[in-house]
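Letters A, B, ... mirror the listed sequences (proteins, then strands); counts begin at 1.
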Amino acid sequence: MSLRIAPFLPELLRSLFKKPVTVRYPFEKTPVPAGFRGNVVFDPAKCIGCNICVGDCPAEAIEIIRVSETEKKFKMILHNDRCIHCAQCVDSCPTKTYRMDGEFEIAVLNRRQLKIEYK
Amino acid sequence: MEFKVQLGPQHPALHEPISIRMTLDGEVIRDADLRLGYNHRGVEKLAESRSFIQNLYLTERICGICSFSHQTCYTQGVEKLMELVPARRGLYIRTLVCELERVHSHLLWLGVAGQEAGFESFFMYTWRDREVVMDILDWISGNRVHYSMNTFGGVRRDIDEMQRKKILDTLDLLKQRTDYYLNLAASEPTFVGRLAGVGKLSRQQAIDLCAVGPTLRASGVPMDVRKDDPYAVYDEIPFEVSTADSCDVLGRAVVRVKELIQSYRIIEFLLKNLPEGPFKVKAPRKVKPNEVYSRYEAPRGENVHYIKSNGSDKPERLKVRAPTLANYPATIAMLKNGFIADIPLIFAAIDPCICCAERLVQLDDGRGRGRVLRFSELRAMANERAKKIDYTKREIAWPF
Ligand code: SF4
Ligand code: SF4
């Protein structure tokens, strides 16, 4: 192939009249895909307390606590500051207690606010 | 007169911490020595205390760019240990993500090369086009960087008909752009002038110094794990190993662009021949005592994981050899007799991922006498430290 003078020029000129491809976040937001792995959401009614999710979570972000002596009732504490949003808990749970929502703006100034209790 | 100059570990030309000790004669590098160990993260040690499933996500986080390479290498190794035959559809989807990752990684590299060569608009355009493939990955896996697609026995998500069609459609755009880059890389005088003849590595040197990946292939050696030791479904896919004979940075750029074109071919083949059936099979939790050596052709070259199991649900040992580590000896050879101004370009040409390659612990006593710690000494130190940790405080939130 032979060298040419400024073969880049046509592309450059074409781009001059296009609008920027960057999105003006936070004023404009691109939608997240359907299978996006956002925050973990827990449904206390379904949990049977088998603790598989606690053992499988790579970030040790889940705590399952029994709330009643007599009934099989459990609450979950999610340490969302440790969660790496891998969705292994969603896969591991035998009763489909977990799902992931589409939220991604979860930054806070105090990480203690990221401790979420579901009951 | 010769000078000794140290570059790094923190230097604007290097994107990650590494230090080069050079002996200079004017502006020419006569000798170079690399010093590693500025970003040791202890991934291998951590892996010993996690179960096989938890390690899926740990190995993925060894690298941010070729995350899927490390995860797949590890997954394939553990599948061999489990004597598990993964689902065929799962293997096709796994290979698809492998190739999509190669596309995004090579486009990223092209941009970096453009930037290091002072061709900023090239950087902007390749990174704009890279968004297309990032969106595809985001769309089929749920995230842009850590896809978390692998699981033992297949993949975690299926792809549906709509996704299949959409990927095939967007592939045309990528192909068109890549052809344009190939033309540009070969005909733009400033780009060619800056890259040609820089960082020479002869064919014999590349073989002797055990270079891997595009660095090796740009020296005319057609070695690729996908062809030499096919994993997943690569033995069924028609593709060619891309090589170049110029043995310089320009050759490495051309090899990567040619690999992009091959990757599009592979992706097209995979999507058109996607078998029906389940995308994963059930895997056992415990693994019989054994050991395995798993190889994988990452975008940067051959990636190796050694895994040893002891019958429990945790690995006894995980050893990671990232491709960048294998390319260091060749980098030193490339730097020799080159100019200081070429360092960023030569370094960028091996596509270094420095944190992924940090394994060895070496202590320097400050008087120039290096000392390598033996594993037994390290273990004694770790045990000593572990005794001092107050486990009762584990639940306390981290002070911030
Ligand atoms: S998404 Fe992953 S890290 Fe987060 S709670 Fe679930 S298993 Fe743990
Ligand atoms: S795996 Fe599911 S059912 Fe078992 S403890 Fe966790 S949330 Fe509850």
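For the atom pair B:I53 CD1 and A:Q88 CD, the distance stands at 5.0 Å (nearest 0.5 Å). Distance CG/B:L56 to SG/A:C86: 9.5 Å, rounded to 0.5 Å.
Ranked by heavy-atom pairs under 4.5 Å with chain A, the first of B:R50, B:H146, B:E131 is B:R50. Each of A:A87, A:G38, A:A34 has some count of heavy-atom pairs under 4.5 Å with chain B, and the biggest count is that of A:A87.
Taking 4.5 Å as the heavy-atom cut-off, none of the residues of residues 22-30 of chain A approach chain B. Inspection of non-hydrogen atoms places A:E11, A:L12, A:S15 of residues 9-17 of chain A under 4.5 Å from chain B.
The nearest pair of heavy atoms linking B:S141 to A:R37 is O-NH1, 3.0 Å. Closest heavy-atom contact between B:G142 and A:F36: O-CD1, 3.4 Å. Residue B:W139 comes nearest to A:P33 through the heavy atom pair CD1-CB, 3.7 Å, listed as atom of the first residue, atom of the second, then distance.
B:L58 does not touch chain A: none of its heavy atoms, backbone or side chain, sits under 4.5 Å away. With a 4.5 angstrom heavy-atom cutoff, B:Y147 touches chain A only via backbone atoms. Heavy atoms closer than 4.5 Å to chain B are found in the side chain of A:D91, but not in its backbone.
No more than 12 heavy atoms of other residues, nucleotides or ligands sit less than 6.0 Å from atom CE of B:M124. More than 12 heavy atoms of other residues, nucleotides or ligands lie within 6.0 Å of NZ in B:K175, so this atom counts as buried by the packing criterion. Sparse packing is recorded around NZ of A:K96, with 12 or fewer heavy atoms of other residues, nucleotides or ligands lying under 6.0 Å away.
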**Study point:** Check against side chain to side chain contact (heavy atoms under 4.5 Å, CB included), A:I84 and B:E60
**Key:** CA-CA 11 Å; A:I84 55 173; B:E60 187 179 42; over 6 Å; no

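Judged by distance alone, the side chain of B:Q54 and the main-chain N or O of A:A59 form no donor-acceptor pair under 3.5 Å.
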